[in-house]
Amino acid sequence: MKKTTAILVFTFLFGITLSSFAQKTEYNNDNFSIQGVTVIHQEDLGLTIWEINVKGLAGKTTPTPAGQMDGAPVLGYVFPTSLKSTDVGFGETEGIVALALTSHPDFDDTPLWDENTDNIFDNDGVIWHPHWVILVEDKRVEGGLAVKQFKKDDKTVVLPPTNPDMPMYMDSPGYPVKTINNTIKVIVPDYRINNKTDFSYDGVAAFMKVNTSNTELPMLGVYKVYSVASGDLSLPYKVK
């Protein structure tokens, strides 16, 4: 599947998802109602600032713990992009490269980073933090998408050195994330995205869930989509 085809499939699936999940749920509130999304390049500092604005308070709502890894809820503000997998440290693979800002209190998948600065590195999954992921079509879940998986013994898979050691195309890059009133933002150095500053992107607020017990379901699937910046997931925005 070529990149353009993948984006078209992605757009189609999210069109279905948005029409299916309009009902009010525990997390479907103003804090996940996206009003705008921007990525701004600051050439003098060699970085991009990624920002999602919502109707309510960005990052105020976090998942209710499940008490275990299997079935653990994950909330995310996600930037699907036109970047290539190799731009963010993965090997060459098909799928949509997305930067996801997530919160999940049941587990910590950023073993190198101490987001709550308490000198304990495995207790801060609830703190909003970034992940690079590769998203692929997966009709087994309501949202029609999942983080791409691979077999643990597949020696051909290339992951960034900051990956959380899970059999998925996921990285824990450690970029700083900040929530201020209706805004959540993250700073990404140019060299961490292969100095690409001409990509397209969109913004999505979504609910995901971890699965460790059912081999018929993805390990991390998208189950709900609360809002999309463009309305149709067409990745219409360009870096300013």
Side-chain angles (χ1 to χ4, degrees), residues 10 27 32 37 39 47-52 58-59 61-63 69 72-91 93 95-116 121-136 138 141 143 145-150 157-179 184-189 192-194 196 199 201-212 218-226:
F10 194 60
Y27 305 121
F32 294 105
V37 59
V39 177
L47 55 81
T48 48
I49 301 172
W50 306 48
E51 181 175 312
I52 286 177
T61 300
T62 56
M69 184 74 157
V74 179
L75 286 171
Y77 298 95
V78 185
F79 298 85
T81 77
S82 63
L83 289 167
K84 297 178 181 178
S85 59
T86 51
D87 289 331
V88 297
F90 298 111
T93 191
I96 301 296
V97 175
L99 181 58
L101 311 183
T102 67
S103 172
H104 42 74
D106 291 294
F107 63 100
D108 189 315
D109 53 7
T110 59
L112 295 176
W113 319 112
D114 179 22
E115 289 91 346
N116 61 3
F121 285 73
D122 62 357
N123 70 344
D124 39 24
V126 71
I127 306 297
W128 291 95
H129 59 277
H131 290 291
W132 285 115
V133 295
I134 306 294
L135 294 174
V136 293
D138 197 321
V141 291
L145 294 162
V147 177
K148 189 172 186 176
Q149 294 175 230
F150 56 84
V157 173
V158 176
L159 301 175
T162 47
N163 75 85
D165 194 28
M166 297 178 177
M168 295 185 288
Y169 281 92
M170 175 185 288
D171 184 34
S172 302
Y175 310 140
V177 175
K178 189 73 173 178
T179 56
I184 186 167
K185 59 180 67 179
V186 60
I187 294 173
V188 181
R192 299 288 294 274
I193 52 174
N194 202 21
K196 295 293 177 62
F199 56 90
Y201 62 92
D202 213 321
V204 177
F207 172 81
M208 295 159 277
K209 193 161 56 176
V210 176
N211 162 57
T212 61
M219 183 171 290
L220 183 57
V222 176
Y223 286 80
K224 307 284 184 184
V225 174
Y226 300 129

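What you see is a predicted model; the values in this text were computed from it and never measured.
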Item to complete: May I ask you to check whether His129 and Asp124 show a side-chain donor-acceptor distance below 3.5 Å?
Response: no
Worksheet item: Are the side chains of Pro111 and Phe121 in touch, meaning some heavy atoms are under 4.5 Å apart?
Response: no
Worksheet entry | Backbone N/O of Thr93 and side chain of Ser85: donor-acceptor pair under 3.5 Å | yes
Practice prompt. Could you tell me whether the side chain of Thr61 reaches within less than 4.5 Å of the side chain of Ser103, counting heavy atoms only?
Written response: no
Practice prompt. Flag the pair Thr162 / Trp113 as yes when at least one side-chain heavy-atom distance between them is below 4.5 Å, and no otherwise.
Written response: yes
Worksheet item: For the atom pair CG (Leu220) and NZ (Lys148), what is the distance rounded to the nearest 0.5 Å?
Response: 15.5 Å
Practice prompt. Pick out which of Ile134, Asn163, Val133, Val158 makes a side chain to side chain contact (heavy atoms under 4.5 Å, CB included) with Phe90.
Written response: Ile134
Fill in: Closest heavy-atom pair and its distance - Pro80, Ile96
CB-CG2, 4.2 Å
Discussion item. Can a side-chain donor-acceptor contact be found between Tyr175 and Trp132 if the only test is distance below 3.5 angstrom?
Written reply: yes
Fill in: Close side-chain approach of Val177 to Trp50, heavy-atom, < 4.5 Å
no
Worksheet entry | Sequence-distant partners of Pro105, side-chain contact (heavy atoms from CB on, under 4.5 Å), two or more places apart | Pro63, Pro65, Val126
Discussion item. With a 6.0 Å cut-off on the ring centroids, do Phe207 and Tyr226 count as close?
Written reply: no
